[in-house]
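Beneath this line is the structure, given in structure tokens, with notes to follow.
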Protein chains: 2
Amino acid sequence: MHYQRASVAERRYLPPAVAVSVVAFALRPPVDAERGAASDAAHGSSTAIAAPPTMWLPLVRRTRAPFLGEWALPGGPTEWDETLADTALRTLRAAARRDPRHLEQLYSFGGIERSADAQRLVTIAYWAQYGERELDAEPAREGERPRGREAARDEERDQDQDQDQDQDREQPPAPRPRRWDDPLPPLSSRDSGDAGAAETAEALEQPAGENVAWFSIDALPQLAFDHAEIIDHAVARLRAKTEYAAVAHRFLGESFTLGQLRAVTEAILGQAVDPANFRRQSLARGGLIDTGELDSGGAHRPARLYRFSEPDRP
Amino acid sequence: MHYQRASVAERRYLPPAVAVSVVAFALRPPVDAERGAASDAAHGSSTAIAAPPTMWLPLVRRTRAPFLGEWALPGGPTEWDETLADTALRTLRAAARRDPRHLEQLYSFGGIERSADAQRLVTIAYWAQYGERELDAEPAREGERPRGREAARDEERDQDQDQDQDQDREQPPAPRPRRWDDPLPPLSSRDSGDAGAAETAEALEQPAGENVAWFSIDALPQLAFDHAEIIDHAVARLRAKTEYAAVAHRFLGESFTLGQLRAVTEAILGQAVDPANFRRQSLARGGLIDTGELDSGGAHRPARLYRFSEPDRP
DNA sequence: GCAAAAGTGTTACTCGTACACCCATGA
DNA sequence: TCATGGGTGTACGAGTAACACTTTTGC
């Protein structure tokens, strides 16, 4: 459109473009994923979740001018008919080949370092979570339409931090043509190239699957733009969540033992948690439902399996 | 620029414009301000802060197409050389004729109800606080440059909610041309019209001073767009702040009694607080400095005056 | 003196933490 | 039988809420 034709000198006078970056956490890389750096800790068994020491996230290696060759968060500019959350989903899927289990807005960064003559860019950062199920699923092929549109539905709902009593939003008075940030209609097949503001400095070419690797947050590489800040921000947000259980359970599968949930919490917090107290507090806080089943896997007393009451998939 | 020349049909294919909305709280309207609705409670004395029952905020009456005649939050699109925070400051100043004491990013709303052929708009919501000093200051004239650039400096720092340990951001590796969201250079004299994306649905013509009124949050009028949601959000954020004292003191002047601080806290929370416990906890939490002076104003024992340690004005 | 708010003291209760201890299973 | 994690009981301390009480002013 007009953007492409604007000269370099003209571009800086255009209003800022809107892009999205996604910090997508998981307890481990997907089985088929490239691992970036720090591959010392042996992640032996494929599916079993045993004492996860840290969290991982996918990064994309830049193949363009600013910060060429460095690693950056998945993301890119919004398409004209996409919600912010859908842009996050689409770009994350292009990088990780999977839809996340949870997606939530993090913060808007007005500025990113760029050359003076580039168009300005407002980056809306999102953070996402992958559960065991998503990591085990075979990678989606390019061109398929994303599954799990529910993930976007969470967004802009419980983005608030603590005891935010999710006030219901009443319908607007006037005819409601459809918020362009609504959960969203068919994502048509038009992810071929970078239309719109794609020439922007941070704009991301769809990674073909190469140039993507998963990194432990303990061993991150040099990062492009201010993405290191964004990740710090996301980690802080994750840890600040008072409702640990609500966040932690999304890293796991459908059902889980309290031991697993505690291990995840310890991975998030980066420190040990008393098992006895964790049990009591988790159960007291509510949201955990005893399935009645037992997990007879380990060389010890079988543990009860729980589900989380949150309707993850309606 | 290009935007103006784009036809209506073309506009919807443009990338979203970026605009800002500001929820600016104060304990009372400025003396010279128009009061909207609910003017029953007699606000007798001009300067004395006596048992403020609620919070107030400025709204702007729309003089354009969607939601014409309804009230909306101060705000508007970003200029090409403005940071997000500066856009918030500029538009808030245009409405309230005053610079706030504190400004902080709230949340990004991807969508706002609009007609299908209008350009999309991403709204970054900010919330601001006015103190007694700002409310008493004579209104700034149109065309002056804003004072109190410090306010913008807060922004993007402590936006996080609770125990966020303000991690220092290291300098970027490459030459740093200047983040376009930096605290910001001379705001030149160009607030004459709406350049750029100003034709956008929500775009705001600088209010000449009319069409602006202050409302109690207990008696808000019908609001345009999803601004009611944004206000709810801002109020929730304000109440969720654990460090009440740090937030509350900004509503007051340079020095204040603990009784005043408690009254402000009660206004924020909307409920009574035990004076004895409030005193102990406030002092224990630190940040309050006994000035040694006394406030001999009321028909009772004089109260010590305190300052807050936060360097509000460096 | 009396009202009213400043300021102090005391108690009870809640919640998080630490840790001792029993339970049930696989090897 | 022993090691291991599941699961229960309990005591201690910090922080908070509730409220009685004293102090100091203006009227």
Side-chain angles (χ1 to χ4, degrees), chain A residues 45 48-53 162-163 239-245 248 252 255-267 269-286 288-307, chain B residues 44-45 48-53 162-163 239-245 248 252 255-267 269-307:
Chain A
S45 55
I49 320 112
D162 329 32
Q163 57 282 30
R239 295 195 170 141
K241 284 269 176 189
T242 52
E243 299 283 336
Y244 295 126
L252 298 167
S255 64
F256 45 85
T257 68
L258 284 179
Q260 289 171 334
L261 194 64
R262 180 175 51 82
V264 173
T265 304
E266 288 174 343
L269 295 179
Q271 62 180 22
V273 174
D274 185 288
N277 297 329
F278 180 82
R279 156 176 300 275
R280 264 187 300 264
Q281 288 157 18
S282 297
L283 293 176
R285 195 132 35 194
L288 291 178
I289 298 166
D290 191 338
T291 64
E293 300 165 66
L294 293 178
D295 173 65
S296 308
H300 51 78
R301 172 173 171 179
R304 268 200 269 275
L305 285 167
Y306 291 88
R307 284 187 302 106
Chain B
S45 54
I49 320 109
D162 329 33
Q163 59 280 32
R239 294 195 171 141
K241 284 269 176 191
T242 51
E243 299 286 335
Y244 295 127
L252 299 167
S255 63
F256 44 84
T257 68
L258 284 179
Q260 288 171 335
L261 194 65
R262 179 175 50 83
V264 172
T265 303
E266 288 174 342
L269 295 180
Q271 62 179 24
V273 173
D274 183 287
N277 296 329
F278 180 81
R279 156 176 301 275
R280 266 187 299 262
Q281 288 158 17
S282 298
L283 294 176
R285 198 141 21 202
L288 291 178
I289 299 165
D290 190 338
T291 63
E293 300 165 66
L294 293 179
D295 173 66
S296 309
H300 51 78
R301 173 172 171 179
R304 270 200 267 277
L305 284 167
Y306 292 87
R307 283 187 302 107

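We name chains A, B, ... by the order of the sequence lines, and we start the count at 1 in each one. Not measured: the values here are computed from a predicted model.
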Exercise. CG of B:Leu283 versus P of C:dG9: gap in Å, rounded?
Worked result: 13 Å
For this session: Identify which nucleotide among D:dT4, D:dA18, D:dT8 has an atom closest to any side-chain atom of B:Asp274, counting heavy atoms from C-beta outward.
Result: D:dA18
For this session: Provide, to the nearest angstrom, the distance between the CZ atom belonging to A:Phe256 and the C1' atom belonging to D:dG6.
Result: 16 Å
For this session: Verify side-chain contact (heavy atoms from CB on, under 4.5 Å) between A:Leu288 and A:Arg307, making sure each step is shown before the conclusion.
Result: CA-CA 6 Å; A:Leu288 291 178; A:Arg307 284 187 302 106; over 6 Å; no
For this session: Confirm from the modelled atom types if A:Arg280 and D:dT10 form a donor-acceptor pair under 3.5 Å, side chain to base only.
Result: yes
Problem set entry | Gap between atoms CG and C1', on B:Leu294 and C:dG7 respectively (whole Å) | 12 Å
Exercise. Can you tell which of B:Thr257, B:Asp290, B:Leu258 makes a side-chain contact (heavy atoms from CB on, under 4.5 Å) with B:Leu305?
Worked result: B:Thr257
For this session: For the pair A:Glu266 (side chain) and A:Val273 (backbone), establish whether a donor and an acceptor sit closer than 3.5 Å, ignoring hydrogens and angles.
Result: yes
For this session: Look at the side chain of A:Pro302 and decide which nucleotide, out of D:dC19, D:dG26, C:dT25, has an atom nearest to it.
Result: C:dT25
Exercise. Counting side-chain heavy atoms from C-beta on, which of C:dT17, C:dC23, D:dG9 comes nearest to A:Arg301?
Worked result: C:dC23
Exercise. With a 4.5 Å limit on heavy-atom distance, are the side chains of A:Phe256 and A:Asp295 in contact?
Worked result: no
Exercise. Rounded to the nearest Å, what distance is computed from the CG atom of residue B:Asp290 to the P atom of nucleotide C:dA6?
Worked result: 14 Å
Exercise. Which listed nucleotide (C:dA4, C:dT8, D:dG6) is nearest to the side chain of B:Ala276?
Worked result: C:dT8
Exercise. Separation of B:Asp295 atom CG from C:dA5 atom C1', in whole Å?
Worked result: 11 Å
Seminar exercise, completed: Whole-Å distance, A:His300 NE2 to C:dC22 P, equals 21 Å
Seminar exercise, completed: Rounded to whole Å, CZ of B:Arg285 lies from P of D:dG15 at a distance of 11 Å
For this session: With the side chain of A:Gln281 defined as its heavy atoms from C-beta on, choose the nearest nucleotide among D:dT25, D:dA18, C:dG16.
Result: C:dG16
Exercise. With respect to the side chain of A:Asn277, which nucleotide from C:dT17, C:dT8, D:dA17 is positioned closest?
Worked result: C:dT17
Seminar exercise, completed: So CZ of A:Arg301 and OG of A:Ser296: to nearest 0.5 Å the spacing works out to 11.5 Å
Exercise. Over how many whole Å does the gap from A:Arg279 atom CZ to C:dA20 atom P extend?
Worked result: 19 Å
